Engineer: 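Dropping the structure in here first, questions after.
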Amino acid sequence: MSDVHEGGCLCGSVRYQVTADPEVSIVCHCKACQHRTGSAFGIGAYFPKANVKFLSGDLKTFEFKSSTSDRWVKNEFCQQCGTTVTWTLEMRPNDRAIAAGTFDKPGWHSIARHIWTESAHPWVVHPSDALVLEKGSPS
Ligand SMILES: [Zn+2]
Ligand SMILES: [Zn+2]
């Protein structure tokens, strides 16, 4: 398997490339991820910043303090189509998350943990081989 993976936003203007495996991939069931995605959860693949390269497109930043974790989150999304492609967290300042649904070939990396499951939608079934946490990742 190649250790370079690419992806981008819905309209195709934002494109990125990552190298190597993510340090960790997390499914997050918090309210902020539910709002950001308009769906049941977000999937973040976390890479050291140096392993993420943006190839094209313009990102706009929306920074807010999460009411779940009480820490800042910086979401970055395509100015054309609004897809949130990446974000950074106060908790992981040296990492950059890639919204894992934006990979050209999603699912190439495994999901290590599910967090904030206390606010998971009631129909969600958590996989038995992942770490499942009612609250956030331990700091
Ligand atoms: Zn776009
Ligand atoms: Zn979240």
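Remember, predicted model here, so these are calculated numbers, not experimental data. Whatever order the structure lists them in is the order used to number ligands and atoms, beginning at 1.
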Engineer: Closer than 3.5 angstrom, by distance alone: can the side chain of Thr86 be matched with the main-chain N or O of Ala97 as a donor-acceptor pair?
Structural biologist: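 Side chain of Thr86 to backbone of Ala97, a donor-acceptor pair under 3.5 Å: yes, one is there.
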Engineer: How large, to 10°, is the angle at the Zn ion (ligand 2) when you draw lines to SG on Cys28 and to SG on Cys30?
Structural biologist: 110°
Engineer: Output yes when a side-chain donor or acceptor of Thr117 lies under 3.5 Å from a complementary backbone atom of His114, and no otherwise.
Structural biologist: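 No.
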Engineer: Tell me whether Cys33 has at least one N, O or S atom under 2.8 Å from the Zn ion (ligand 2).
Structural biologist: yes
Engineer: Which angle, to 10 degrees, forms at the Zn ion (ligand 1) with SG of Cys81 on one side and SG of Cys9 on the other?
Structural biologist: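 Roughly 110°, rounded to 10°.
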Engineer: For Trp87, is the NZ or CZ atom of Arg92 found under 6.0 angstrom from the centre of its six-membered ring and inside 45 degrees of the ring axis?
Structural biologist: no
Engineer: Glu76 side chain to Thr61 main-chain N or O, any donor-acceptor pair under 3.5 Å?
Structural biologist: no
